There are 2 protein chains.
Amino acid sequence: MSIYFTPDLSALKPYVPGEQPKDRKYIKLNTNESPFPPSQEVIKAVCSEEALRLNLYPDPDAGELCEALAQRYGVSKENVICTNGSDEALAFAFRAFCGSGRGAAFADITYGFYPVYCDLYGIKRTILPVQDDLTIKADDYIGIPETVFIANPNAQTGLSLPLDVIEKIVGSDKNRVVVADEAYVDFGGESAVGLTKRYPNLLIIGTFSKSRSLAGGRLGFAIGDRELISDLNTVRYSFHPYNINRLTMAAGIAAVGDTGYFAECVNEIIKVRAMTRQALIKRGFDVTDSRGNFLLAANKKISGRELYSRLKDMGVLVRLLPDDRIKDHIRITIGTQDQMDTLIRCVDVILKGLV
Amino acid sequence: MSIYFTPDLSALKPYVPGEQPKDRKYIKLNTNESPFPPSQEVIKAVCSEEALRLNLYPDPDAGELCEALAQRYGVSKENVICTNGSDEALAFAFRAFCGSGRGAAFADITYGFYPVYCDLYGIKRTILPVQDDLTIKADDYIGIPETVFIANPNAQTGLSLPLDVIEKIVGSDKNRVVVADEAYVDFGGESAVGLTKRYPNLLIIGTFSKSRSLAGGRLGFAIGDRELISDLNTVRYSFHPYNINRLTMAAGIAAVGDTGYFAECVNEIIKVRAMTRQALIKRGFDVTDSRGNFLLAANKKISGRELYSRLKDMGVLVRLLPDDRIKDHIRITIGTQDQMDTLIRCVDVILKGLV
């Protein structure tokens with residue numbers, strides 16, 4: 001830290017993304033990327049003449065992209081904002097809706113970035129612990145004044161709240177915003193996008209990083225009442241108006257358009273997830289009923305740290321999580337069937353060595 | 001504005017970027033884009049297999065890109081941070097170095113985003129008016145405790161401070177940061193990058209949007225003492241660690257590498273700028289001695305607004321600026337020689353009509 005760093009950030013603990021080692025080739029199951037390449041339509045769009053006119057600024061309103069998302073989700077263009085990854089949508093939402101003493105409320109086990117945004121902006125946080133079975137207790141989110149952030153399906157656990165529960169939380173108090181972070185929803189969760197038409201206090205956040213194979217393109221979005229979106233645009237235009245570059249814009253439009261490839265990828269992940277989960281359960285693991293493109297798993301015979309290390313030695317990278325309550329778990333991204341077969345073979349070797 | 005928008009931002013006035021009309025084809029001389037396409041090496045890099053592995057996250061440290069910039073500017077990788085446009089570098093710098101009552105100081109006529117960042121973060125601002133000839137008075141920046149932001153060459157005017165003046169300001173007080181925003185420096189300004197080795201309180205901000213024909217790719221950077229850069233990375237990792245997508249990363253590396261094309265484009269802009277300036281002066285305009293890829297011009301015979309409108313009607317888009325002190329001016333981006341010939345022909349028609 002320099003002597004110039006603003007004292008009000010001196011205690012800031014930045015988010016720590018999953019490791020991206022360059023020392024060797026791993027089967028990378030640690031950052032919830034898609035194992036499938038982007039749609040061929042995306043490749044074509046990125047390499048098109050229009051996208052490559054890079055000397056010209058992109059459309060600061062990302063009009064065509066917002067329109068494509070609006071059509072896909074059955075809303076209007078004014079209900080959509082696009083961002084440099086969904087992290088940026090979250091960063092804007094924390095700044096727009098949690099200041100002046102309002103505060104933010106979220107689970108103890110959830111996306112690790114929420115507390116970081118609180119520190120970055122000086123926002124008071126209220127932590128609502130998940131229950132022993134790692135599920136979110138909906139009643140905790142009712143009757144509190146804070147802006148609520150719920151990852152649904154939840155990060156780390158993959159556990160999903162049904163739509164009627166989200167509606168109950170949203171409808172219980174229309175004087176505060178509820179943010180449903182639906183990064184993983186396409187893999188079997190229930191999206192609350194439809195509710196945004198009836199609830200002006202519901203904001204949905206989505207990403208192209210998972211189900212649309214565009215983690216490397218950095219594209220996120222938010223959907224909600226036009227007034228909420230307008231507020232987020234006020235923040236965006238006060239941060240950097242040209243936040244989506246021409247290439248990512250073209251990639252996003254093409255990705256939304258290729259619904260066939262999207263369905264194919266998502267269905268394959270869901271299928272492989274089910275088989276992997278059964279294989280792990282058969283081997284004595286506790287595995288959450290995840291609706292994400294990952295599983296959270298623990299085995300009483302071996303610590304999470306030990307299992308993580310042994311797998312890494314064998315060339316398979318999984319995620320060890322910082323949360324104390326799930327420190328005996330590992331989080332495994334769902335890769336291809338082949339990759340998961342390798343994972344299970346490695347697990348067998350490790351477990352056998354313990355006997 | 002929704003009823004949920006945080007009250008501490010209710011007076012926030014977002015930045016207004018130059019208009020991007022879609023109604024007709026204009027000769028666009030209003031947003032200081034390069035009239036030249038990106039380097040062919042950039043096109044190749046963007047469409048390469050590695051860049052298009054978009055299902056994988058980009059390197060959050062942008063290691064290869066930082067290394068390329070470090071080599072180009074004769075510094076170490078640890079002295080460089082890359083950002084989603086230079087606006088993001090500015091946004092991070094305002095957050096990192098102006099809080100806890102420190103404040104920010106900058107000119108009244110300069111990049112219009114500086115006051116917006118102050119509002120976004122609740123930073124106290126000190127405005128230091130430029131002199132009647134629109135030059136910055138260096139002494140105003142000495143003996144004040146605020147973090148200083150100087151666009152050099154200055155936005156809007158294109159006027160440049162020599163290196164020894166920047167050094168005098170930086171060296172006058174090593175207890176506060178001086179940010180030199182060098183977005184336009186390649187068109188004839190003097191870069192202070194070399195001074196960062198001797199002054200731990202100097203931060204240089206650069207962009208790929210102008211001299212490297214990558215406005216549509218969104219890439220900016222900052223160079224400074226490793227501790228300053230480390231602070232900016234703390235903020236970046238608390239906002240969104242994967243801020244540079246794979247495509248822009250590849251484009252940036254290739255753009256830095258193609259030094260021949262860079263020199264060619266820059267030299268052409270400088271040549272065309274000189275000819276355009278002379279042509280305008282000959283027609284009775286006051287024109288600043290701009291070192292940017294634009295000219296600031298005024299003619300006593302016609303108001304800035306009138307000239308802007310007439311040119312727009314004729315299909316040439318220039319920028320009318322919100323600053324009251326230069327409201328009689330228009331800002332003209334330097335395009336190709338052909339585009340500038342057209343501009344001058346239109347000006348002649350307009351001036352003739354006034355007689």
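These numbers were taken from a predicted model, which means no experiment stands behind them. So that the names make sense, note that chain A is the first sequence line, chain B the second, and so on, each numbered from 1.
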_Backbone of B:Gly224 reached by a side-chain donor or acceptor of B:Thr196 within 3.5 Å_ = no
*Is there a donor-acceptor contact under 3.5 Å from the side chain of B:Tyr117 to the main chain of B:Asp87?*
yes
Which atoms of [X] are under 4.5 Å from chain A, going by heavy atoms: the side chain, the backbone, both sets, or neither?
X: B:Pro60; answer: side chain
X: B:Arg176; answer: backbone
X: B:Lys22; answer: side chain

Partner chain B: residue of [options] with the largest heavy-atom pair count (under 4.5 Å):
options: A:Phe239, A:Tyr237, A:Tyr15; answer: A:Phe239
options: A:Leu214, A:Ile43, A:Asp61, A:Asn84; answer: A:Asn84
options: A:Asn175, A:Val46, A:Thr147, A:Thr234; answer: A:Thr234
options: A:Asn245, A:Leu247, A:Asp231, A:Asp59; answer: A:Asp231
options: A:Phe208, A:Tyr57, A:Tyr242, A:Phe113; answer: A:Tyr57
options: A:Ile3, A:Leu9, A:Val177, A:Val16; answer: A:Leu9

When [options] are compared by non-hydrogen pairs under 4.5 Å with chain A, the top option:
options: B:Gly18, B:Cys47, B:Gly101; value: B:Cys47
options: B:Leu52, B:Asn233, B:Val116, B:Asp119; value: B:Leu52
options: B:Pro241, B:Cys98, B:Gly122, B:Gly63; value: B:Pro241
options: B:Lys13, B:Met249, B:Glu88; value: B:Glu88
options: B:Arg218, B:Met1, B:Arg246; value: B:Arg218
options: B:Leu232, B:Asp225, B:Asn243; value: B:Asn243

Please flag which part of [X] lies under 4.5 Å from any non-hydrogen atom of chain B: side chain, backbone, both or neither.
X: A:Phe36; value: backbone
X: A:Leu56; value: both
X: A:Asn201; value: both
X: A:Val42; value: side chain
X: A:Pro200; value: both
X: A:Lys28; value: neither

*If you take all heavy atoms of A:Pro58 and B:Ala215, which pair is closest and at what distance?*
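Nearest heavy atoms, A:Pro58 then B:Ala215: CD-O, 3.6 Å.
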*Contact summary for A:Ala222 and A:Leu203, nearest pair of heavy atoms*: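 Of all heavy-atom pairs spanning A:Ala222 and A:Leu203, the closest is CB-CD1, 4.1 Å.
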Working to the nearest 0.5 Å, report the span between [atom1] of [X] and [atom2] of [Y].
X: B:Ile253; Y: B:Asp258; atom1: CD1; atom2: CG; value: 14.0 Å
X: B:Ser34; Y: B:Ile334; atom1: OG; atom2: CD1; value: 11.5 Å
X: B:Leu29; Y: B:Phe294; atom1: CG; atom2: CZ; value: 13.5 Å

_Any heavy-atom pair between the side chains of A:Ser211 and A:Cys265 that's under 4.5 Å?_
no
*asked:* Is there a side-chain contact between B:Glu19 and B:Asn30 in this structure, where contact means two heavy atoms from C-beta onward sitting under 4.5 Å apart?
replied: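 Heavy-atom side-chain distance check passes, below 4.5 Å.
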*Determine whether more than 12 heavy atoms belonging to other residues, nucleotides or ligands lie under 6.0 Å from atom CZ of B:Arg226.*
no
*Are more than 12 heavy atoms from other residues, nucleotides or ligands located less than 6.0 Å from atom CD of A:Glu64?*
no
*Would you please indicate yes or no on a ring centroid separation below 6.0 angstrom for A:Phe97 and B:Tyr4?*
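Judged by ring-centre distance (under 6.0 Å), B:Tyr4 and A:Phe97 do not meet the cut-off.
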*Take B:Phe94 and B:Tyr121 through the ring-ring contact (aromatic ring centres under 6.0 Å, His included) test and state the conclusion after the steps.*
CA-CA 8 Å; B:Phe94 272 90; B:Tyr121 297 127; 7.5 Å; no
